[in-house]
Amino acid sequence: DLPALPHSILISLSYAAVVAVAAVPLGVTAALVTQDRFRGRGLVRSIFLVPYVLPAFVVGTVWRIVLQPDGVANAMLGLDGLWLNGPRSFWALVIVQLWSSWPLVYLLAVSGLQSVDPVVYEAAALDGAGWWDKLRHVVAPYLRGPVALALVISFLHNLNNFALPFVLFGEPRPEDVEVLPVLTYVESFQNFRFGLSAAMAVISLVLVAIPIAVYLRAVRLDTGEDKR
């Protein structure tokens, strides 16, 4: 219903932002770890991409089994209680979405690292730069653009994700995971309130357009295209 709409928007924005921000250090760290050649690097890189290439339906189904009260998660952590209902449900959604989406940051970070000229590394080494100095002054400038793009794409993907929350929690869903795409679907195809669902779709479009506009504006300023 209409009072649930502000709550749904808040949940969607919160979970999308938390997952996008948390995916950045995971993806960048994985890219740095696999940057240098070592035996089995291709296999490791392929394994890193598995969560990203799996369909959302498969991810939701597998994690739904893992997070059952008698599932693997509680057994490994020595915990009792519910992950798919109650106060843990929000963090269950965050964990599952993070597991599924961090390889996107990894891919873009790898592309940024591959653009670093080896001559720059050699010059930094000759100047006596340590690991942290190389990371800060040599690697970071090349990663700024790809990581910013990954952050925006990840946020938008999380914000518009319907399949994963729908499959993971089923019906009825806990209030803590009442994300906007699922609420729009329910109001449209279950409650047949097409006017309200159309308004929700417009709100979703606005929420998507804002970060895109901010990112494009930042890119124009960074490249100097906005100078007159």
Side-chain angles (χ1 to χ4, degrees), residues 4-32 35 48-49 51-53 56 90 93-117 120 124 132-165 177-185 196-228:
L5 181 57
H7 174 74
S8 179
I9 294 174
L10 179 61
I11 292 295
S12 297
L13 291 174
S14 302
Y15 125 83
V18 169
V19 173
V21 172
V24 169
L26 289 176
V28 172
T29 301
L32 292 173
Q35 178 185 10
F48 282 170
L49 296 179
Y52 188 66
V53 299
F90 177 82
L93 178 59
V94 168
I95 291 171
V96 176
Q97 185 61 53
L98 178 60
W99 182 85
S100 177
S101 62
W102 74 265
L104 172 64
V105 181
Y106 165 71
L107 281 174
L108 291 176
V110 167
S111 69
L113 290 175
Q114 289 179 343
S115 65
V116 180
D117 192 341
V120 179
W132 174 251
D133 291 328
K134 290 180 182 179
L135 180 63
R136 182 180 177 183
H137 299 291
V138 177
V139 176
Y142 286 89
L143 289 181
R144 184 175 59 182
V147 169
L149 178 61
L151 191 63
V152 173
I153 294 176
S154 178
F155 177 80
L156 296 179
H157 173 70
N158 301 333
L159 188 64
N160 287 302
N161 197 354
F162 164 79
L164 183 59
V177 291
E178 188 75 83
V179 293
L180 187 57
V182 176
L183 183 62
T184 303
Y185 169 84
L196 180 58
S197 63
M200 292 179 179
V202 172
I203 293 174
S204 298
L205 178 62
V206 172
L207 294 177
V208 167
I210 292 174
I212 292 178
V214 172
Y215 174 77
L216 292 178
R217 175 67 174 175
V219 169
R220 291 181 62 188
L221 291 175
D222 187 59
T223 57
E225 295 179 3
D226 200 46
K227 295 180 180 179
R228 298 181 181 179

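Judged purely by atom type and a 3.5 angstrom limit, Thr29 uses its side chain to pair as donor or acceptor with the backbone of Pro25. Checking side-chain atoms of Ser115 against main-chain N and O of Gly112 turns up a donor-acceptor pair under 3.5 Å. Checked by atom type and distance alone, the side chain of Ser111 pairs as donor or acceptor with a backbone atom of Leu108 at under 3.5 Å. For Asn158 (side chain) and Ser154 (main-chain N/O), a donor-acceptor pair under 3.5 Å exists by modelled atom type.
A heavy-atom distance below 4.5 Å is found between the side chains of Val24 and Val147. For the pair Ile11 and Leu93, the minimum side-chain heavy-atom distance is 4.5 Å or more. Counting heavy atoms from C-beta on, the side chains of Ser12 and Pro181 come closer than 4.5 Å. Within the 4.5 Å cutoff, the side chain of Tyr15 has heavy atoms near those of the Val19 side chain. Ser204 has its side chain within reach of Leu180: a pair of non-hydrogen atoms, C-beta onward, lies under 4.5 Å apart. Leu13 is listed as a side-chain neighbour of Phe155, based on a closest heavy-atom distance under 4.5 Å.
Shown here is Tyr52, whose OH atom has no more than 12 heavy atoms of other residues, nucleotides or ligands within 6.0 Å.
Not counting sequence neighbours, Phe90 has no partner by the ring pair (Phe, Tyr, Trp, His ring centres under 6.0 Å) test.
Interatomic distance, Ile212 CD1 to Ile153 CD1, rounded to the nearest 0.5 Å: 9.5 Å. Atom CD1 in Ile203 sits 4.5 Å away from atom CD1 in Ile9 (nearest 0.5 Å). With rounding to the nearest 0.5 Å, the separation of OG1 in Thr184 from CG in Leu5 is 8.0 Å. Of the inter-residue distances, the one linking His157 atom NE2 with Leu159 atom CG reads 11.0 Å to the nearest 0.5 angstrom. One finds the CG atom of Asn161 at 12.0 Å from the CG atom of Leu156 (value rounded to the nearest 0.5 Å). From Leu183, atom CG reaches atom CG of Leu196 across 7.5 Å, with rounding to the nearest 0.5 Å.
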Report the C-alpha separation of Leu49 and Leu107 in whole Å, then their side-chain angles, then the decisive distance to 0.1 Å, and conclude whether the side-chain contact (heavy atoms from CB on, under 4.5 Å) test is met.
CA-CA 8 Å; Leu49 296 179; Leu107 281 174; 3.5 Å; yes
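Using bins of under 30°, 30° to 60° and over 60° for the plane-to-plane angle, the ring pair Phe48/Tyr106 lands in the perpendicular bin.
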